[in-house]
Amino acid sequence: MQGVDPAWLPDEAYRPIGTRRTLIRGSGPLVETVHGEVTQACVRFGGSVSFDGPAGPYDLVLELTGDGSSEAFTFERGDGRTTVTASGGPGLLYGLFHVVRLGEAAFRGSYEREEHRPELALRMLDHWDNVAVHPVMGQVERGYAGGSLFWQDERARGDLERVRAYGRLLAACGINAVAVNNVNVHGTEARLLTDRIGEVADIAGALRPYGIRAHLSVTFAAPVVLGGLETADPLDAGVREWWAEATARVYEAIPDFGGYVVKADSEGQPGPFAYGHSHADGANALAAALAPHGGIVHWRAFVYNHRQDWRDRRTDRARAAYDHFVPLDGEFASNAVLQVKHGPMDFQVREPVSPLIGAMPRTRLAVELQATQEYTGQQRHVCWLGPMWSGALRFRPEEGSPVGELARGGLVAVSNVGDDPFWTGHPLAQANLYTFGRLAWQPDADPDAVLDEWIRLTFPDAPQRLITGLHAVLDGSWATYEKYTAPLGVGFMVQPGHHYGPSVDGYEYSPWGTYHFADRDGIGVDRSVASGTGYAGQYAKPWAEVYESSETCPDELLLFFHHVPYGHVLKSGKTVIQHIYDTHFEGVAEVEEAREVWASLTDLVDPARHARVAERYEEQLRSAREWRDQINSYFLRKSGVPDAHGRRIY
Ligand code: GCV
């Protein structure tokens with residue numbers, strides 16, 4: 001597409017296919033998509049493609065053997081021929097993208113038959129996009145990549161070519177579902193469910209050729225605000241009927257509609273508490289309406305008191321999701337998925353894994369990550385989140401399955417994409433989107449290998465110097481970001497509202513439940529069972545014990561679980577205060593270094609992309625210095641403990 005970055009599908013990535021002879025067998029809409037992809041590559045590079053032709057001397061055979069909807073495919077190579085087979089259209093498409101990823105290697109040597117299938121059936125992006133620009137949150141809530149890809153001038157975009165291109169990119173990294181609007185459902189957006197469903201149908205139509213289903217965020221109060229009923233009580237017969245009828249009309253417009261996403265009783269959104277009912281009752285009412293059509297309701301577990309009194313030390317926001325939902329285990333309908341943020345708070349640079357995951361064995365859980373970098377630099381800072389996500393997905397809440405397996409309801413990420421020509425504002429933030437897709441396909445994949453895959457695809461034919469440079473600036477960037485921002489898992493310390501830049505006490509005396517409790521003697525939140533909020537006790541063994549004591553709690557989470565004196569000695573051998581000073585100086589030095597590495601790649605990256613990243617490095621460095629100086633000055637002034645190395649602190 002003219003003027004739009006091809007991201008990880010540049011034309012060059014298709015050269016190995018486009019210079020060869022391909023046979024495609026089978027029929028159906030996704031086979032047509034595969035055919036279109038290969039044909040375009042051949043037009044560009046001089047190869048040939050036959051559709052359902054006779055057996056012949058082909059280099060690549062892509063064969064659909066059934067008419068199912070399976071996403072699995074097989075891949076093999078022998079006698080000079082590469083073969084992909086699939087029994088479902090989506091499988092064939094994923095098989096094609098597998099060949100694209102392998103590049104020339106797909107056509108060399110031989111491969112025994114390999115079977116590929118996604119480990120998680122649902123791999124979804126939630127767009128926090130508003131149809132009408134919101135006076136405070138803008139068009140995309142927590143969006144750092146321009147306006148919405150889907151909505152423009154308060155309507156679905158007339159020209160959906162870009163949406164189609166987006167679907168193609170998503171399919172190429174394994175994503176198969178997209179929720180097209182914000183979970184905070186305002187007045188205009190509520191109507192997407194009813195009289196404006198045609199617009200959602202248009203978007204769904206643009207995504208369908210790439211095997212992506214559309215989902216919709218709906219308001220729990222829809223029967224009242226749209227249906228004119230007096231109640232949205234989930235047990236009321238009239239309400240249930242309203243949902244059933246509204247949902248039937250949705251499926252008339254979009255036969256393969258994925259389902260609803262609901263944020264209820266959360267940050268002001270309506271929910272079942274108003275009627276004295278549980279969240280299982282609420283979710284099940286919508287699930288019942290969706291069930292006859294095969295749809296799913298994604299019910300978010302982000303339920304907490306956002307109006308708490310900061311003076312009240314017994315209320316702990318981290319406890320909330322577990323306290324609300326664990327008693328409901330086993331009560332949710334089979335097509336209700338409970339969508340849980342990976343940490344107990346809110347997408348901070350460091351959090352423990354939510355104790356809810358693993359504590360609800362009779363409930364389908366989806367795990368929610370945040371690709372949009374709300375608290376991790378807002379796509380002005382390089383912060384590749386692969387290691388953080390992979391760590392969460394590999395975490396084992398107790399002896400047994402890791403989070404990546406417990407997420408039976410799928411893996412979801414809040415999208416970081418907008419109508420920016422680079423898709424993600426910061427061109428290097430594309431790596432987060434790609435990594436999310438690949439981890440959703442295979443949660444135990446090595447994130448480093450995924451990063452290299454992204455680099456090779458996005459920069460085909462890159463010389464080793466570029467590969468090494470890109471790897472250097474991305475790998476470790478999350479650790480760097482953590483160093484110059486809030487320390488040791490304490491979180492927040494951001495500017496209230498927009499959440500960009502430091503403000504140590506920004507939320508300290510607010511109702512949001514995000515406190516650090518720093519005083520002249522120490523810092524951190526006591527979440528132990530023995531003397532604190534008891535949150536540590538929500539974990540199964542061994543974690544409940546590990547987190548309970550400041551002696552065994554991992555350094556990086558110390559201040560999340562414990563209030564300790566500044567002189568507390570970490571496992572690293574440093575005191576907490578010295579750790580704060582050192583990491584903040586180191587973090588800034590690492591950004592300076594990364595900026596230099598990027599500058600040294602000028603001759604190897606196209607000018608527009610290079611300039612965009614270079615400009616963002618200037619801001620990242622300015623901001624990192626601001627963080628360093630505010631955090632270090634704050635803690636020097638609070639503690640009175642000087643830096644052991646006598647560096648400049650204000
Ligand atoms: C869409 C945080 C964000 C909100 C977001 C909310 C959520 O509080 O700051 O913008 O709302 O999470 O996940 O629902």
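Given the structure is predicted, the values throughout are model-derived calculations rather than measurements. These numbers come from the heavy atoms of this one structure, side chains and all, not from hydrogens, waters or symmetry mates. Counting convention: from 1, in listed order, for ligands and their atoms alike.
- Contact annotation for F347 and ligand 1: no heavy atom of the residue comes within less than 4.0 Å of the ligand.
- Here the protein heavy atom with the shortest distance to atom 4 (C) of ligand 1 is E141 OE2, 3.4 Å.
- Ring planes of W310 and Y509: perpendicular class, angle over 60° (limits at 30 and 60°).
- Shortest contact from atom 2 (C) of ligand 1 to any protein heavy atom: D346 OD2, 2.9 Å.
- Ion pairing between R155 and D153 fails under the 4.0 Å rule for side-chain N and carboxylate O.
- Both the sub-6.0 Å distance and the 45° axial angle are not jointly satisfied by R364 relative to the ring of F332.
- Because its NZ or CZ atom is not both nearer than 6.0 Å to the ring centre of W512 and within 45° of the ring axis, R307 does not count as a cation-pi partner of that residue.
- Between Y304 and ligand 1, no N or O atom pair is found at a separation short of 3.5 Å.
- Near N182, the atoms of ligand 1 lying under 4.0 angstrom from a non-hydrogen atom of the residue are 1 (C).
- At a cut-off of 3.5 Å, with distance as the only test, no side-chain donor of N182 or D129 sits close to an acceptor on the other residue.
- The residues R616 and E619 are annotated as not salt-bridged, no charged nitrogen and carboxylate oxygen being separated by less than 4.0 angstrom.
- The CD1 atom of I175 sits 11.5 Å away from atom CG of L207, with the distance rounded to the nearest 0.5 Å.
- When heavy-atom distances to ligand 1 are checked against a 4.0 Å cut-off, K263 comes that close only through its side chain, counted from C-beta outward.
- By the 6.0 Å and 45° rule, R123 does not stack over the aromatic ring of F436.
- Against a heavy-atom cut-off of under 4.0 Å, V183 is close to the following atoms of ligand 1: 1 (C), 14 (O).
- Given atom 1 (C) of ligand 1, the protein heavy atom at minimum distance is N184 ND2, 3.3 Å.
- Of the options Q339, E368, M345, K341, the smallest heavy-atom separation from atom 12 (O) of ligand 1 is shown by K341.
- Near H499, meaning under 4.0 Å from one of its heavy atoms, ligand 1 places the atoms 9 (O).
- Near R142, meaning under 4.0 Å from any of its heavy atoms, are these atoms of ligand 1: 3 (C), 4 (C), 9 (O), 10 (O).
- Close approach of ligand 1 to E374 is summarised as follows: ligand atoms under 4.0 Å from at least one heavy atom of the residue are 3 (C), 9 (O).
- For the pair R527 and F560, the distance from NZ or CZ to the six-membered ring centre is under 6.0 Å and the angle to the ring normal is within 45 degrees.
- Ligand-side atoms of ligand 1 in range of F302: 6 (C), 7 (C), 8 (O), 12 (O), 13 (O), 14 (O), range being under 4.0 angstrom from any heavy atom.
- The shortest contact between atom 8 (O) of ligand 1 and any protein heavy atom is with E267 OE2, 2.8 Å.
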